[in-house]
Each structure stands twice: as structure tokens, then as C-alpha cells.
Amino acid sequence: MQSHDNLMEAFEALNQRKRRDPNALSPAEQVEWKRLRRELELALFQSAPDPAVDTREFLRVPVALQVRYWSSDELKDRYIPVLGEGGLTVSTVDPLPVGTLLDLEIVIAGRGVKVPVQGEVVRVDHEQAPARRGMGIRFVNMSYEQKRAVYDLVDDSLRERLLERRRHARVDARLQVEFLYADGFFELQTAD
């Protein structure tokens, strides 16, 4: 197994070409892209799809994001545990039927950013445990800007999960800090 740095570098080189043109990879490169994607997902989720039945077209990453959408004249705020370049998973005890089209708003609270996207429910999970219930949503009708925003979220989450070597989570915080030393002081503002 490759180091995370090398694995990500090899995957990103192929994935950037695939993003620009889904047919750009040769058959051998497509096989390599899938192998690298499975290794990344194994590192991220501690499991990966069986290569014999793996049909995924996009990398998925674990996230902790909020999503908003309207359902039956009610605004729903839900949790996104998994985000991919082609869709997302929404945790909810009341999933919508397969085929439902939704206008979604992915909320990145720490950055004050909201990414509007459209999606279609393609999978419903009716697990016993409420925490495992939800729905899989495939993105539809995405503009270039929306794709870029989702790709950036996926890339940032991938790097954060595999390359961050911190023992504790980093939190956005703007704090005034004053450094005192023998000859004086100076002030700065933190970013996190």
C-alpha cells in the first residue's frame, strides 16, 4: 500500500483529467483510477467496495456538513456524513422516495458558505438504527461553479482526513492574541 501522500498524488493526477473529460482516461488508467479510489476509501472509511461489483464513478469522503431542503412545505435541516463528486448521503429518519428531485443547500458553517445544488434521491436506507437511516442523492443539472465548489469540498475533506496529523480538531476562531516579550509586544488575530 502506498503512503497517503503518494496515493493522493497519483489519484489526483488521474482524477483531474477525468474531471475535465470523463472519457480522457485510457482503459488501463481507468482500472488504476478505480484501484487508487478504493485504496483511498479504505483509508477513509476502513472499508472499500468489492472490486468485482464496484460501479462507483466518483470518490466519496466522510464529512460533517449540514444540508437544507424543502419537503412537504417544510424546510429540513439534516446532516451529510458522506460527500462525493457525484452526490451525497443525507442522514434522516424520514427519507424521501427514490426519484424525488430536490433543491439542496450544502452549508459550510465554518466558512459561511452555502452551495446550492439540485439532486435526485437514488437510494433509501431503512436501517433498524435511526442513525443509519438516510437517502443517497445524485447531483443533477450542475453548473461549472457548482461542480467546482463540490470538487473543492471533496478535495479539502480528503486532504484534511488523510494528511492532517493533528491530535485534535482545528476550529475556525478569530481571536485577538497579544505576544509579550522583554522589549515590547505585538498583536495578531488567529485564523483557527
Side-chain angles (χ1 to χ4, degrees), residues 1-26 29-49 51 54-69 78-91 102 104-120 122-123 134 136-173 190-192:
M1 186 177 258
Q2 299 175 329
S3 77
H4 291 154
D5 291 341
N6 293 338
L7 181 61
M8 284 180 49
E9 186 177 316
F11 177 80
E12 286 176 345
L14 291 173
N15 202 41
Q16 290 301 325
R17 290 181 42 221
K18 183 178 177 289
R19 284 175 176 171
R20 282 191 298 275
D21 177 6
N23 301 314
L25 303 183
S26 70
E29 289 172 323
Q30 290 173 15
V31 168
E32 180 64 1
W33 178 90
K34 263 191 169 179
R35 183 190 71 76
L36 293 167
R37 194 209 71 232
R38 278 194 303 273
E39 279 194 45
L40 287 170
E41 288 184 355
L42 179 61
L44 293 165
F45 295 100
Q46 283 68 56
S47 68
D54 182 12
T55 60
R56 285 203 182 105
E57 297 177 45
F58 303 102
L59 173 69
R60 301 172 319 131
V61 294
V63 295
L65 297 172
Q66 177 187 0
V67 66
R68 291 180 153 177
Y69 60 92
R78 297 294 185 258
Y79 168 72
I80 304 172
V82 178
L83 175 68
E85 294 175 356
L88 52 86
T89 300
V90 174
S91 289
L102 294 168
L104 305 155
E105 186 177 74
I106 301 170
V107 180
I108 302 116
R111 298 181 195 168
V113 175
K114 296 175 183 173
V115 179
V117 293
Q118 288 184 315
E120 176 184 6
V122 294
R123 186 189 79 252
I137 297 175
R138 177 179 49 92
F139 296 133
V140 295
N141 304 322
M142 291 181 75
S143 69
Y144 173 80
E145 292 79 15
Q146 290 169 317
K147 285 180 183 179
R148 276 287 4 124
V150 169
Y151 293 167
D152 288 347
L153 278 172
V154 169
D155 291 347
D156 289 350
S157 297
L158 178 63
R159 283 187 196 92
E160 180 182 313
R161 298 281 179 161
L162 292 184
L163 299 181
E164 270 306 310
R165 306 248 186 328
R166 289 177 169 68
R167 289 183 49 200
H168 303 287
R170 185 186 303 200
V171 178
D172 285 340
T190 65
D192 53 40

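These figures come from a predicted structure and were not determined experimentally.
Nearest heavy atoms, Pro116 versus Lys114: CD-O, 3.5 Å. The minimum heavy-atom distance between Leu44 and Pro62, with the atom names listed, is CB-CD, 3.8 Å. Closest approach of Ala43 and His4 over heavy atoms only: CB-NE2, 3.7 Å. Of all non-hydrogen atoms in Asn141 and Gln146, the two that sit nearest each other are O-OE1, 3.8 Å.
For the pair Asn15 and Arg19, the minimum side-chain heavy-atom distance is below 4.5 Å. Contact check for Tyr69 versus Arg78: side-chain heavy atoms found under the 4.5 Å cut-off. Within the 4.5 Å cutoff, the side chain of Arg161 has no heavy atoms near those of the Val61 side chain.
Listed for the Arg60 side chain is no donor-acceptor partner under 3.5 Å among the backbone atoms of Val82. At distances below 3.5 Å, at least one donor-acceptor pair connects side-chain atoms of Gln30 with backbone N or O atoms of Leu25.
Classification of Arg148 and Asp152 as a salt-bridged pair holds, one side-chain N sitting under 4.0 Å from a carboxylate O.
Counting non-hydrogen atoms of other residues, nucleotides and ligands closer than 6.0 Å to CD of Glu9 gives a total of 12 or fewer. The environment of Gln66 atom CD is dense: over 12 non-hydrogen atoms of other residues, nucleotides or ligands sit within 6.0 angstrom. Residue-environment remark: NZ (Lys147) stays at or below the threshold of 12 foreign heavy atoms within 6.0 Å.
Annotation: cation-pi pair Lys18/Phe11 absent, no NZ/CZ under 6.0 Å from the ring centroid and within 45° of its normal.
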Going through the checks in order, is the side chain to side chain contact (heavy atoms under 4.5 Å, CB included) test met by Arg37 and Leu14?
-> CA-CA 10 Å; Arg37 194 209 71 232; Leu14 291 173; over 6 Å; no
Does the salt bridge (charged side-chain N to carboxylate O under 4.0 Å, His left out) test come out yes or no for Arg159 and Glu12, once each step is laid out?
-> CA-CA 11 Å; Arg159 283 187 196 92; Glu12 286 176 345; 3.2 Å; yes
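Atoms CG and CG, from Leu36 and Asn6 in turn, are 11.0 Å apart once rounded to the nearest 0.5 Å. The distance from the CD1 atom of Ile137 to the CZ atom of Arg123 is 9.5 Å, given to the nearest 0.5 Å. Remark: Glu41 CD to Leu158 CG distance equals 10.0 Å, nearest 0.5 Å. Within the model, atoms CE of Met142 and OH of Tyr151 stand 7.0 Å from one another, a figure rounded to the nearest 0.5 Å. With rounding to the nearest 0.5 Å, the separation of CG in Leu83 from CG in Leu59 is 9.5 Å. Put simply, CG on Leu104 and CD on Gln118 are 8.5 Å apart, with the number rounded to the nearest 0.5 Å.
Here the rule is side-chain contact (heavy atoms from CB on, under 4.5 Å) with Leu65, and of Val107, Val115, Ile80 only Ile80 fits it.
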